[in-house]
*Asks:* 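Input: one structure, supplied below.
Here the structure is a predicted model, which is why all the values come from computation and not from measurement. Every chain is numbered from 1 and lettered A, B, ... according to where its sequence line falls, protein lines coming before strand lines.
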Amino acid sequence: MGLWDALRGRSTTSGPNLDALFLVPSAAVTLQTGIGLEPAGTGSVCFRAAEGAAFRQMQSEVVELLNADPEAPDVRSSTDDYGFTWLTVARDDITDVAGICTDLHAVNTALEEQGFGSGLLCTLVPFGDAGGRRAGLVYLYRRGTFYPFAPQGPQQRDNLLEIQVRDALAPELPIEKDLQRWLAVWGAPGL
Amino acid sequence: MPRSRFLKDTGLTVRMTTVMFLLGGLFVALIVGMMYLLPQYAFFIGVIGIGIAVWQWWNSDKAAMRAMRAYEVTPEEYPELHGTIDRLCAMAEMPKPRVGISEMDIPNAFATGRSPDRAVVCVTTGIMGKLTPEELEAVLAHELSHVAHRDVLVMTVAASAGIVAGMMARGAQYGAFFGRSRSKEGAIGVVGALVISLIIYAISFFLLRLLSRYRELCADRAGAYLTMKPAALATALQKISGEMATIPQGDLRATKSMNAFFIAPAISGATLKTLTSTHPSLEQRLEQLAKIQAELGRTEA
């Protein structure tokens, strides 16, 4: 936000930049071969549900839209402890990361078109392996950057794995450089 | 192009800009008056006055934290509070401020600091006990909006005319008492400076309070759009204002100097209340939130 907006007491938030989501499928391959983390076959969009009829209507429309598509069989909605809503899309074929990203893009676009773009927090694609390691690739819209989030226990993060993921993906994804912004998304679906 | 549900409030912006412009004009008038009446001391007084304003702004975080006996807390100590602020900052795309706690029963919250990078958001233990997580989030969003709007800087700059005028009144009194000005012109200069500075101080006092109320309304708007839940802020304000009224006035005097940074003022003046209060009335704030609520709920495509 510029100084002029600040002086006038206005908060202007820029709309999300969604195209970077399509970089995830190739990053998924790198994660699989480099670190051994497999895609979990889901993906979620985290946003702030607004009060009122407009938002409820929009949300049901998005769910209908995705459920009408035979390629995308499952959309679930859940709420976390902080009052944010997660819309989770899943594919039967868990290796179909590209399909998941297309669905995530559709959810985000619908939210944006209805004027709720400022309520978007992040998009998360979870990964995991047989040993119980879990890591989510989180996309921050406003900054247009990715960062890894690896929960370990209820309120602890596996920083070592996160750094590993960061180093593996740095050549192909825009990674968030400011570690302060690596927001912990506890209770995210799929992790 | 995707539209935004952000309702523009041109009236508020125009009123607020006008007040800021008037305060700027006042400052210029003061400088010109001083140059004319007390040419040999004008520069000196002006520099000290502005120096005080800059010092207040620069140390606003430390001073406010000390005045409220607040201390900084880590994410480990207050995970929910930090988590809520983390998410709000990620949505608003702003750096995360430091988080403070003040062990007071008054339900209140404030934000201060010289810039968004050096800001502190502080809540009292009273407010955490009284509000639901959703309401607390609304209050935090309001405070974060103060940070984003650089309200500490804006209010300090706006207050500088008043500070310099106050300094000048002191200087003129000093000159009059010690008979430094034996000549007739000198005496006229001193008395004139005293009168002008008092008038400017009085006008800037009212304008400053007006500006403070507008900034509060702006922060309410921005906060409500950030959480998308204007009703949560409305119920929080009702709870806080209601609680404040029942607390004995004597206990609250200690926090008076902090009023401009609070979410709801700790003291309500009985006379000239609407003109001199730092915060808009509860009715005004609720009315604005109701408008935002309606806009968010509008279903036309």
*Asks:* Before we go on, tell me: are the rings of Tyr141(A) and Tyr139(A) under 6.0 Å apart, centre to centre?
*Replies:* yes
*Asks:* Is Pro133(B) close to chain A through its backbone or its side chain, or both, or neither, when contacts mean heavy atoms under 4.5 Å?
*Replies:* neither
*Asks:* For Arg215(B), is it the side chain, the backbone, both, or neither that has a heavy atom closer than 4.5 Å to a heavy atom of chain A?
*Replies:* side chain
*Asks:* If only atom types and distance count, is the side chain of Glu77(B) paired as donor or acceptor with the main-chain N or O of Thr74(B) below 3.5 Å?
*Replies:* yes
*Asks:* Using only heavy-atom distances, determine whether the side chains of Trp186(A) and Asp81(A) contain a donor-acceptor pair under 3.5 Å.
*Replies:* no
*Asks:* Quiz question: by atom type and distance under 3.5 Å, do the side chains of Glu137(B) and Thr84(B) form a donor-acceptor pair?
*Replies:* no
*Asks:* For residues His142(B) and Glu216(B), is any side-chain donor paired with an opposing acceptor at under 3.5 Å?
*Replies:* yes
*Asks:* Between Val154(B), Thr17(B), Thr227(B), which shows the greatest number of heavy-atom pairs under 4.5 Å with chain A?
*Replies:* Thr227(B)
*Asks:* Considering only heavy atoms, which portion of Leu121(A) lies under 4.5 Å from any heavy atom of chain B: side chain, backbone, both, or neither?
*Replies:* both
*Asks:* Under 4.5 Å from any heavy atom of chain B, what part of Phe84(A) do you find: side chain, backbone, both or neither?
*Replies:* side chain
*Asks:* State whether Asp178(A) and Arg143(A) are salt-bridged, where the test is any N-O pair (Lys NZ or Arg NE/NH1/NH2 against Asp/Glu carboxylate O) under 4.0 Å.
*Replies:* no
*Asks:* Sort out for me which of Ala219(B), Pro79(B), Ala232(B), Ala231(B) touches chain A most, counting heavy-atom pairs under 4.5 Å.
*Replies:* Ala231(B)
*Asks:* Tell me, side chain or backbone of Met94(B) under 4.5 Å from chain A's heavy atoms, or both, or neither?
*Replies:* backbone
*Asks:* Side-chain polar contacts of residues 125-138 of chain A - donor-acceptor pairs under 3.5 angstrom, sequence neighbours left out - could you list them?
*Replies:*
{"unit_1": "Asp129(A)", "atom_1": "OD1", "unit_2": "Gly131(A)", "atom_2": "N", "d": "3.1"}
{"unit_1": "Asp129(A)", "atom_1": "OD1", "unit_2": "Gly132(A)", "atom_2": "N", "d": "3.2"}
{"unit_1": "Asp129(A)", "atom_1": "OD1", "unit_2": "Arg133(A)", "atom_2": "N", "d": "3.0"}
{"unit_1": "Asp129(A)", "atom_1": "OD2", "unit_2": "Arg133(A)", "atom_2": "NE", "d": "3.0"}
{"unit_1": "Asp129(A)", "atom_1": "OD2", "unit_2": "Arg133(A)", "atom_2": "NH2", "d": "3.4"}
{"unit_1": "Arg133(A)", "atom_1": "NH2", "unit_2": "Ile35(A)", "atom_2": "O", "d": "2.9"}

*Asks:* At a heavy-atom separation under 4.5 Å, does Pro95(B) approach chain A through its side chain, its backbone, both, or neither?
*Replies:* both
*Asks:* So which part of Pro75(B) gets closer than 4.5 Å to some heavy atom of chain A, the side chain, the backbone, both or neither?
*Replies:* neither
*Asks:* Ala294(B) versus chain A, heavy atoms under 4.5 Å apart: side chain, backbone, both or neither?
*Replies:* neither
